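Step one of this worksheet: look at the structure below.
Computed from a prediction, not measured in an experiment: that's the story for all the values here.
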Amino acid sequence: QVSLVESGGGLVQAGGSLRLSCTASGRTLGRYNMGWFRQAPGKERESVAAITWSGGSTDYSDSVKGRFTISSVNAKNTVYLQMNSLKPEDTAVYYCAATSTGFGIRARYEYWGQGTQVIVSS
């Protein structure tokens with residue numbers, strides 16, 4: 001079925017920027033909506049941002065609003081997360097995900113990537 005692969009993670013200083021990418025392979029995504037999640041050490045997985053299959057609507061968690069932007073170029077198989085004004089508390093493994101049954105940061109997601117590490121130093 002659908003496979004998702006994240007890239008773009010790395011080490012960055014506080015206040016810096018980083019762009020994550022997620023690409024899909026295998027089955028076509030069709031009308032899948034996409035989302036970004038993160039999990040910090042010792043913390044629960046947290047919803048970050050989401051976008052509809054058309055790219056027409058977005059959704060963000062309060063912790064990243066105004067700093068992160070979710071977008072797509074090839075909307076059905078590629079999604080990006082532009083992260084600006086990064087803080088040490090943004091340090092986490094970031095995952096992209098896809099769902100055919102909902103939209104937004106609260107939706108249930110069916111397909112998940114392996115994750116990419118983001119480390120923000122102070």
Side-chain angles (χ1 to χ4, degrees):
Q1 294 186 326
V2 174
S3 296
L4 303 173
V5 179
E6 304 93 341
S7 63
L11 176 65
V12 64
Q13 290 92 343
S17 297
L18 207 61
R19 187 182 73 167
L20 306 183
S21 300
C22 175
T23 58
S25 62
R27 180 196 294 175
T28 180
L29 287 178
R31 296 180 68 94
Y32 286 127
N33 296 323
M34 303 293 293
W36 283 98
F37 299 78
R38 67 186 182 186
Q39 187 166 25
K43 305 290 186 179
E44 296 180 349
R45 188 174 63 201
E46 175 188 16
S47 301
V48 175
I51 190 167
T52 57
W53 71 274
S54 66
S57 297
T58 58
D59 192 20
Y60 297 94
S61 67
D62 290 341
S63 62
V64 307
K65 64 181 180 181
R67 299 188 297 119
F68 291 9
T69 303
I70 188 170
S71 63
S72 63
V73 175
N74 300 311
K76 293 184 178 181
N77 62 10
T78 306
V79 66
Y80 306 95
L81 185 68
Q82 178 67 47
M83 305 184 295
N84 298 326
S85 301
L86 283 162
K87 306 173 181 179
E89 51 262 45
D90 294 319
T91 296
V93 176
Y94 283 71
Y95 302 88
C96 67
T99 178
S100 63
T101 60
F103 162 72
I105 60 175
R106 305 290 184 179
R108 179 182 294 272
Y109 286 80
E110 304 165 54
Y111 303 100
W112 294 83
Q114 190 173 6
T116 185
Q117 177 73 63
V118 172
I119 300 175
V120 184
S121 61
S122 59

For this session: Grab the two heavy atoms, one from Thr78 and one from Ser72, that are nearest each other, plus how far apart they are.
Result: O-CB, 3.0 Å

Exercise. About how many Å separate CD of Gln82 and CG of Leu18, when rounded to the nearest 0.5 Å?
Worked result: 8.0 Å

For this session: Could you label the plane-to-plane angle of the Tyr111 and Tyr32 rings as parallel, tilted or perpendicular, counting under 30° as parallel and over 60° as perpendicular?
Result: perpendicular

Exercise. Are any non-hydrogen side-chain atoms of Thr69 and Leu81 less than 4.5 angstrom apart?
Worked result: no

Problem set entry | Carboxylate-amine/guanidinium proximity below 4.0 Å for Asp90 and Lys87 | no

Problem set entry | Candidate pair Trp112 and Phe37, rule ring-ring contact (aromatic ring centres under 6.0 Å, His included), full reasoning | CA-CA 10 Å; Trp112 294 83; Phe37 299 78; 4.7 Å; yes

Exercise. Would you say Val2 and Leu20 are hydrophobically clustered, going by side-chain heavy atoms of ILVMFWY under 4.5 Å?
Worked result: yes

Exercise. Any side-chain heavy atom of Ile70 sitting closer than 4.5 Å to one from Tyr80?
Worked result: no

For this session: Check Ser85 against Arg67 and note the closest heavy-atom contact, atom names and distance.
Result: O-NH1, 3.1 Å

For this session: Search all heavy atoms of Ala50 against all heavy atoms of Tyr109 and return the closest pair with its distance.
Result: CB-OH, 3.5 Å

Exercise. Any side-chain donor paired with an acceptor under 3.5 Å for Ser61 and Ser63?
Worked result: yes

Exercise. With side chains defined as the heavy atoms from C-beta onward, is the minimum distance between Glu89 and Val120 less than 4.5 Å?
Worked result: no

Seminar exercise, completed: residues 99-119 vs salt bridge (charged side-chain N to carboxylate O under 4.0 Å, His left out), sequence neighbours excluded, gives none

Problem set entry | No-hydrogen, no-angle side-chain donor-acceptor test under 3.5 Å, Thr52 and Asn33 | no

Exercise. Closest heavy-atom contact between Gln117 and Ala92?
Worked result: NE2-O, 3.2 Å

Problem set entry | Min side-chain heavy-atom separation Val79-Trp36 under 4.5 Å | yes

Which donor-acceptor pairs under 3.5 Å do side chains of residues 5-12 form with protein atoms, sequence neighbours excluded?
residue	atom	partner	partner atom	Å
Glu6	OE1	Gln114	N	3.1
Glu6	OE1	Gly115	N	2.8
Glu6	OE2	Cys96	N	2.8
Glu6	OE2	Gly115	N	3.3

Seminar exercise, completed: ring-ring contact (aromatic ring centres under 6.0 Å, His included) filter on Tyr95, not counting sequence neighbours, yields none

Exercise. Could you state the interatomic distance from CG (Leu86) to OG (Ser121), rounded to the nearest 0.5 Å?
Worked result: 10.0 Å

Exercise. Where do Pro41 and Thr91 come nearest, in terms of heavy atoms and distance?
Worked result: CD-O, 4.5 Å

Exercise. Do you know the tightest heavy-atom contact between Ile105 and Asp59?
Worked result: N-OD2, 3.0 Å

Exercise. Roughly how far, to the nearest 0.5 Å, is CD of Gln39 from CD of Glu44?
Worked result: 8.5 Å

